[in-house]
2 protein chains.
Amino acid sequence: MVRRNMSRHEKVDLVQKAHKTMTGAEKRREARRDQVLDAASACFVEHGFHGAGMAKVAKKAQMSVGHIYHYFESKEAIIAAIVDRESELAVERFAELYALPSDEIAAAMINRAEDIVVTKSDAFQSALNLEIQAEAQRNPHIAAILQEHDKKIRGLFSNILNTKLGLTDADARTELLMSLFGGLASRVLRNPGLKREKLIPLFQSLMHNLLNEPANA
Amino acid sequence: MVRRNMSRHEKVDLVQKAHKTMTGAEKRREARRDQVLDAASACFVEHGFHGAGMAKVAKKAQMSVGHIYHYFESKEAIIAAIVDRESELAVERFAELYALPSDEIAAAMINRAEDIVVTKSDAFQSALNLEIQAEAQRNPHIAAILQEHDKKIRGLFSNILNTKLGLTDADARTELLMSLFGGLASRVLRNPGLKREKLIPLFQSLMHNLLNEPANA
DNA sequence: TTTTATAGAATGAACGTTCTATCTAATGGT
DNA sequence: ACCATTAGATAGAACGTTCATTCTATAAAA
């Protein structure tokens, strides 16, 4: 880790966008768009996609409503851009996992599970994800974006399981791993008192089950 | 199963409400309320809590907007009533599990998982749950209702694991089981092509892991 | 001097809620 | 049994607000 501290979304830029080839004007435009996306994400987490009005978003972004429409053609376009950005962030996180030595992958994943349960660091992320998922449920355009990115992530992760851990049925393992992690994140809402001490041994046992070839294979 | 076919919510009535002691007027009132709740649930799944207006709900319920306000003091009260009703339904479903002989419980749960993945029978239910969860995230009143009911359900289920299957750490097992099921339901949205054949063996292995005492205990 | 950035007012629709009016069902006194 | 009176059921218009979006105008940059 030699890189300087970067915000969540500068990181995304590194992966996706060729900043080097951007003119000054394009960079400024991109920065403004990110400013809107940040503000909108915060508002949407707080009030929901349909509960948060453009006025609130503009206030949070510290620009006028009209100005926002200079960068996004509609509210739905903002939502779609947020989903895109978050999905790319997720891809990145899995890419980090890929860089790890094989014998550290399981430990890293258990660490992540602990983060979800015990710290509030991912609370915003989880909340936004939930909001996105609820929207995807009723908006086919959002659903399509989500599915496309999920496909990429599944492929990435299956590849880790297959090539780095040498596992069969990598797709099924991926699916259940993702169920478990996604489910755990939602559980925190329904049971805020969740204590990690009791959970971890069992969780580790499940991970062992999913990250090792069964005897009967 | 000798009982006649009943709607999802008549069932709820059986458990919770003392229909016998209700006057005719009270019964009619309750029926109207349910009529609103049914319509509102459908609208909320389709457009989200804040995306669906009272006009749409009224149309679906085949009554006037003013009439709805005769039975519910606000839109939020409708949301709260829906959350209550759905939570009671969930309690009921776990109660059915409780009635099963010990050696059939695991199989029944695996069946349920298959239902989630393969049939659309629970799709409406899952969608509504997701919507509720998203709302709970930003509305503390809804969150409180959800947490209260979840506590009841956790207790019920831990009790099954503890007394009927003789397991230690029943709370932790419950928590992970619920994570897994809840997570699986959301995965269907992100990966609609999900095939159950590949999933089931691994899923069974996880269930075995969670529903049996580990060797090292 | 022509784009681009920016703010803010204008617009028309939709929102949740309340108000008013009518119609139906129950109640009570005789 | 019958009318008077009250309570509840129901519809729809009305209200004030907020919504997403567009329009107009000005300031800055290229």
Side-chain angles (χ1 to χ4, degrees), chain A residues 21-83 131 134-135 138-139 141-142, chain B residues 21-83 131 134-135 138-139 141-142:
Chain A
T21 70
M22 272 185 174
T23 75
E26 281 169 330
K27 267 195 211 170
R28 251 178 294 121
R29 191 180 168 81
E30 207 57 37
R32 279 281 186 243
R33 282 179 58 100
D34 274 339
Q35 189 182 342
V36 173
L37 260 29
D38 288 339
S41 297
C43 291
F44 291 162
V45 163
E46 205 171 342
H47 303 103
F49 282 135
H50 302 287
M54 292 299 286
K56 257 175 222 154
V57 174
K59 184 92 168 279
K60 190 88 161 187
Q62 294 183 108
M63 45 171 102
S64 71
V65 179
H67 197 185
I68 290 181
Y69 276 87
H70 201 70
Y71 297 106
F72 295 92
E73 76 171 357
S74 69
K75 193 184 180 185
E76 170 151 0
I78 296 178
I79 297 175
I82 288 176
V83 176
E131 197 59 47
E135 181 65 17
R138 55 183 108 97
N139 184 335
H141 179 209
I142 301 298
Chain B
T21 70
M22 271 185 176
T23 75
E26 279 169 332
K27 266 195 209 169
R28 252 178 295 121
R29 188 178 170 83
E30 207 57 36
R32 279 280 186 245
R33 281 180 59 101
D34 274 339
Q35 189 182 343
V36 173
L37 259 28
D38 288 339
S41 296
C43 290
F44 291 162
V45 163
E46 205 171 343
H47 303 103
F49 282 136
H50 302 287
M54 291 299 287
K56 258 175 221 153
V57 175
K59 185 93 167 279
K60 191 85 160 190
Q62 295 184 110
M63 45 169 103
S64 71
V65 180
H67 197 186
I68 290 182
Y69 277 86
H70 201 70
Y71 297 106
F72 295 93
E73 78 171 358
S74 70
K75 193 183 181 186
E76 169 150 359
I78 296 177
I79 298 175
I82 288 176
V83 176
E131 197 60 46
E135 180 66 16
R138 53 184 109 94
N139 183 335
H141 179 209
I142 302 298

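Owing to the predicted nature of the structure, the values given are computational and were not obtained by experimental measurement. Lettering of chains follows the sequences in order, A, B, ..., and the numbering in each one begins at 1.
The NZ-C1' distance, from Lys59(B) to dG12(D), rounds to 15 Å in whole Å. Rounded to an integer number of Å, the gap from Glu26(A) CD to dT3(C) P is 18 Å. Whole-Å rounding puts the His47(B) NE2 to dA14(C) P distance at 13 Å. Atom P of nucleotide dT6(C) and atom CD of Gln62(A) are separated by 13 Å, given to the nearest angstrom. Rounded to whole Å, the distance from CE on Met63(B) to P on dG12(D) is 13 Å.
Of all the residues in residues 36-44 of chain A, not one reaches under 4.0 Å from DNA chain C with any non-hydrogen atom.
Here Lys56(B) contributes atom NZ and Met54(B) contributes atom CE; the two are 13.0 Å apart, rounded to the nearest 0.5 Å. Rounding to the nearest 0.5 Å gives a distance of 9.0 Å between CG of Asn139(B) and CZ of Phe49(B). If you take CZ on Phe44(B) and CD1 on Ile82(B), they are separated by 5.0 Å, rounding to the nearest 0.5 Å. For the atom pair Glu73(B) CD and Ile78(B) CD1, the distance stands at 10.5 Å (nearest 0.5 Å). In this structure, CD in Gln35(B) is found 12.5 Å from CZ in Arg33(B), a value given to the nearest 0.5 Å.
Using a 4.0 Å cut-off, no side-chain N or O of His67(A) falls inside it from OP1 or OP2 of dA5(C). Close to dA9(D), at under 4.0 Å from its OP1 or OP2, lies a side-chain N or O of His70(B). Applying the 4.0 Å criterion to OP1 and OP2 of dT10(D), one finds that Tyr71(B) has a side-chain N or O inside that range.
Nearest heavy atoms, Ala52(B) versus Cys43(B): CB-O, 3.7 Å. When all heavy atoms of Val36(B) and Val57(B) are compared, the closest pair comes out as O-CG1, 4.4 Å. Between Ala58(A) and Ser64(A), the shortest heavy-atom distance links the atoms CB-C, 4.0 Å. When every heavy atom of His47(A) is checked against every heavy atom of His50(B), the shortest pair comes out as O-CD2, 4.1 Å. Listed here is the closest heavy atom pair of Ile142(A) and Ile79(A): CD1-CG2, 3.7 Å. Across all non-hydrogen atoms, the minimal contact from Ala42(A) to Lys60(A) is CB-CE, 3.7 Å.
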N/O-N/O pairs, protein side and nucleotides 28-30 of chain D side, under 3.5 Å:
{"residue": "dA30(D)", "atom": "OP1", "partner": "Arg28(A)", "partner atom": "NH2", "Å": "3.2"}

Identify each atom pair where a protein N or O and an N or O of nucleotides 17-23 of chain D are less than 3.5 Å apart, giving names and distance.
{"residue": "dA20(D)", "atom": "OP1", "partner": "Ala52(A)", "partner atom": "O", "Å": "3.4"}
{"residue": "dA20(D)", "atom": "OP1", "partner": "Lys75(A)", "partner atom": "NZ", "Å": "2.4"}
{"residue": "dA20(D)", "atom": "OP2", "partner": "Met54(A)", "partner atom": "N", "Å": "2.6"}
{"residue": "dT21(D)", "atom": "OP2", "partner": "Tyr69(A)", "partner atom": "OH", "Å": "2.4"}
{"residue": "dT21(D)", "atom": "OP2", "partner": "Lys75(A)", "partner atom": "N", "Å": "2.8"}
{"residue": "dT21(D)", "atom": "O5'", "partner": "Tyr69(A)", "partner atom": "OH", "Å": "3.3"}

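For Arg138(A), the salt bridge (Lys or Arg N to Asp or Glu O under 4.0 Å) criterion is met by Glu135(A), Glu131(B), not counting sequence neighbours.
Each end of the helix from dT1(C)-dA30(D) to dT30(C)-dA1(D) gets its own axis from five base pairs, and the two axes differ in direction by 10°, given to 10 degrees.
Contacts classified as ring-ring contact (aromatic ring centres under 6.0 Å, His included) and involving residues 52-79 of chain B (residues at least two apart or in different chains) are given here: His67(B)-Tyr71(B).
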